[in-house]
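All remarks here apply to the structure that follows.
Residue numbering restarts at 1 for every chain, and letters A, B, ... go by the order of the sequence lines. The model shown is predicted, which means the values in this text are computed figures rather than measured ones. Computed over heavy atoms, backbone and side chain alike; hydrogens, waters and symmetry mates excluded.
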Number of protein chains: 2
Amino acid sequence: MDELMPIGRFSRLCWLSIKALRVYDDQGLLHPAHVDPDSGYRYYTPDQAATARVIATLRTLDMPLASIREVLAEPDPDRVRDLLDRYRMVLEQRIDRHRHMLNRVETFIRKGAVMAYEITTRDTAPTEVLGTTYPSSVDSLPQTSAVAYHRVYAAIAEAGGRPAGPPRMVYLELADDTWTIEACVPVMGLSQAPDGFSLHQVRGGLAAVTRHVGPYDELGLAYREVEAWIEAQGLTSNGAPYDVYLNDPSEVGDPAKLETEIVWPVTRS
Amino acid sequence: MDELMPIGRFSRLCWLSIKALRVYDDQGLLHPAHVDPDSGYRYYTPDQAATARVIATLRTLDMPLASIREVLAEPDPDRVRDLLDRYRMVLEQRIDRHRHMLNRVETFIRKGAVMAYEITTRDTAPTEVLGTTYPSSVDSLPQTSAVAYHRVYAAIAEAGGRPAGPPRMVYLELADDTWTIEACVPVMGLSQAPDGFSLHQVRGGLAAVTRHVGPYDELGLAYREVEAWIEAQGLTSNGAPYDVYLNDPSEVGDPAKLETEIVWPVTRS
DNA sequence: CCTGGAGTCTGCCCTCGGGGACGAGTCAAG
DNA sequence: CTTGACTCGTCCCCGAGGGCAGACTCCAGG
């Protein structure tokens with residue numbers, strides 16, 4: 001039982017490469033039962049194969065060595081379950097991400113090109129809007145904006161006005177991690193802004209405009225497209241860009257059918 | 001339009017890091033329109049942002065740079081579509097793999113441990129089997145074995161015998177890439193093997209036995225478990241191991257409910 | 001013309017989990 | 001004792017950049 005075997009035999013026993021076993025020794029996942037102090041030879045006992053198998057199994061699940069080390073160091077089965085459950089969530093997110101990528105590749109295949117927006121210039125009319133300005137991290141934008149629009153619509157109704165067009169979002173300032181945005185809605189019949197909101201006129205004028213059909217998280221790419229088009233046309237950006245949500249996510253259902261107009265005010269130079 | 005801009009401005013325009021742009025230059029994905037031969041400064045034109053955006057888009061899909069280079073070099077839209085379609089299949093396989101890993105993690109969570117087989121020794125009875133021996137790569141094993149069992153059952157019926165137990169697979173020789181296996185079925189009422197098959201008696205005797213519940217591709221881990229257990233018990237392997245398929249995949253449906261017995265002949269040393 | 005600050009260059013090290021090769025030392029059987 | 005198999009540590013490699021260091025370059029203001 002306490003028979004010691006060198007690394008080669010052990011590697012054949014547990015189906016791990018010698019190289020991998022050495023790495024697991026270095027990383028503290030599986031130290032040999034005995035290391036000859038003179039030669040440095042590693043010697044393992046047969047029952048260490050149990051640990052080796054756990055490592056091998058978890059590695060086939062792509063679990064990082066650091067996480068495996070935690071699992072091995074945890075004697076409480078319930079907490080092992082928690083660790084595995086945490087990794088399960090990691091895997092689920094990864095699948096979601098990949099599924100999402102798959103959708104986008106399929107979109108590109110349908111379109112026959114990686115990306116093709118028709119961008120034009122248009123003269124936009126001045127519009128009175130009620131909105132609320134706030135900072136948001138890029139990741140939490142969907143959540144925060146849902147709340148914000150809800151509040152804006154409620155405020156319009158309470159103040160006795162009525163919406164005069166689809167909602168829009170203005171991108172006022174884009175620091176790397178946190179954006180300052182305004183969620184606003186064109187409005188009629190209001191003379192004064194409710195507390196915590198701002199009522200103001202959006203200056204009209206020339207703008208580069210395009211329409212994006214698809215999920216909102218592809219909007220970033222569309223913006224870059226417009227930005228580059230403006231530059232290539234020799235135009236000059238003139239104010240914060242905004243997008244107009246032409247249909248309602250809660251009614252449409254399928255994100256691939258969401259329609260958004262992107263408007264970027266410009267001047268001819 | 002043919003205005004040249006240095007890398008920093010271009011990087012802000014197309015939302016790619018300077019470092020990434022330099023890599024794309026080195027890798028031949030996007031060479032700057034002009035490189036100053038004295039200073040080495042890279043200068044880009046605004047319309048190069050189109051290519052940059054394609055790269056950025058495909059990178060968000062995790063496509064490797066080499067594949068992106070192919071896409072960019074391909075002028076024919078139909079062939080671009082083919083390339084994207086090929087990548088779509090890669091993504092689909094990746095999702096399948098991850099979904100599969102997810103299933104296994106969930107199994108482990110349910111079991112409360114990473115792996116726990118009950119392994120025992122048992123005296124096995126000699127059995128007469130009809131089988132066919134062939135080499136197969138590890139990957140194509142499911143396909144080849146399905147065909148092989150089909151042929152064996154047909155041969156038994158045609159020769160006038162009848163099956164005397166669930167089918168089994170014997171692992172005769174395991175080279176790294178190609179295994180030599182025998183697909184066989186216990187049989188009664190046959191005196192002579194049909195052409196291309198072998199009729200022989202499986203020697204009984206002591207064996208280490210365990211039962212695996214779950215998809216067949218987890219069998220490898222179960223085998224390692226048994227192998228290590230044999231070693232740890234101080235027993236000696238004595239002949240080719242085999243597994244017995246206790247229920248039928250075509251009837252069970254859910255791979256998580258497949259039951260397989262693993263039998264490994266041993267002797268006490 | 002000079003200077004300072006911002007921009008850019010190349011080159012090196014780091015990631016993560018090992019695979020492959022190299023030169024030197026070690027073990028065990030004959 | 002020899003020989004062949006085994007094992008040791010070390011270095012380089014994979015992909016797609018991130019981060020840093022040190023040197024060079026550009027441009028605007030004085």
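- Formation of a donor-acceptor pair under 3.5 Å by the B/Y87 side chain with backbone atoms of B/D62 is found in this model.
- You won't find any donor-acceptor pair under 3.5 Å spanning the side chain of B/Y41 and the base of D/dC26, going by distance alone.
- Atom-to-atom, CG of A/D25 to P of D/dT7 comes out at 14 Å; the value is rounded to the nearest Å.
- Taking atom NE2 of B/H34 as the reference point, atom C1' of C/dT8 lies 14 Å away to the nearest angstrom.
- Atom CZ of B/R9 and atom C1' of D/dC26 are 14 Å apart (whole Å).
- Closest contact between the side chain of A/A20 and the listed nucleotides D/dT25, C/dG18, C/dC9 involves C/dG18.
- A/R42 contributes no side-chain N or O that, together with a main-chain N or O of A/R22, makes up a donor-acceptor pair within less than 3.5 Å.
- Checking the phosphate oxygens (OP1, OP2) of D/dT7, no side-chain nitrogen or oxygen of A/S39 falls inside 4.0 Å.
- The 5' end of DNA chain D is approached more closely, in terms of each residue's nearest nucleotide, by A/Y43 than by the other of A/Y43 and B/M63.
- A donor-acceptor contact under 3.5 angstrom links the side-chain atoms of B/K19 to the base of D/dG19.
- Relative to the side chain of B/L65, the nucleotides D/dG17, C/dG19, C/dT8 differ in distance, and D/dG17 lies closest.
- Checked by atom type and distance alone, the side chain of A/Q48 pairs as donor or acceptor with a backbone atom of A/A33 at under 3.5 Å.
- You'll find that the side chain of B/D36 is closest to D/dC26, out of D/dC26, C/dC27, C/dT8.
- Proximity of B/R42 to the phosphate of C/dT8: no side-chain N or O atom is located under 4.0 Å from OP1 or OP2.
- Taking 3.5 Å as the limit, the base of D/dG17 and the side chain of B/Y24 contain no donor-acceptor pair of atoms between them.
- What separates CG of A/D62 from P of C/dC16 is a distance of 14 Å, to the nearest Å.
- In this structure, the CD1 atom of A/I7 is 17 Å from the P atom of C/dT26, given to the nearest Å.
- Here B/S17 reaches the OP1 or OP2 of D/dG18: one of its side-chain N or O atoms lies under 4.0 Å away.
- Judged by closest nucleotide on DNA chain C, A/Q27 is the one of A/Q27 and A/D38 placed further toward the 5' end.
- Here D/dG17 is the nucleotide among D/dT25, D/dG17, D/dT7 with the atom lying nearest to any side-chain atom of B/R59.
- Judged purely by atom type and a 3.5 angstrom limit, A/T45 has no side-chain atom pairing as donor or acceptor with the backbone of A/L4.
- Between the P atom of C/dA6 and the CZ atom of B/R12 lies a distance of 13 Å, rounded to the nearest Å.
- When the P atom of C/dG17 is taken as reference, atom CD1 of A/I68 falls 8 Å away, rounded to whole Å.
- Between A/Y171 and A/Y223, the ring planes lie perpendicular to each other; the angle is over 60°, past the 30° to 60° tilted range.
- Taking atom CG on B/D26 and atom P on D/dG17, their separation rounds to 12 Å, with Å as the unit.
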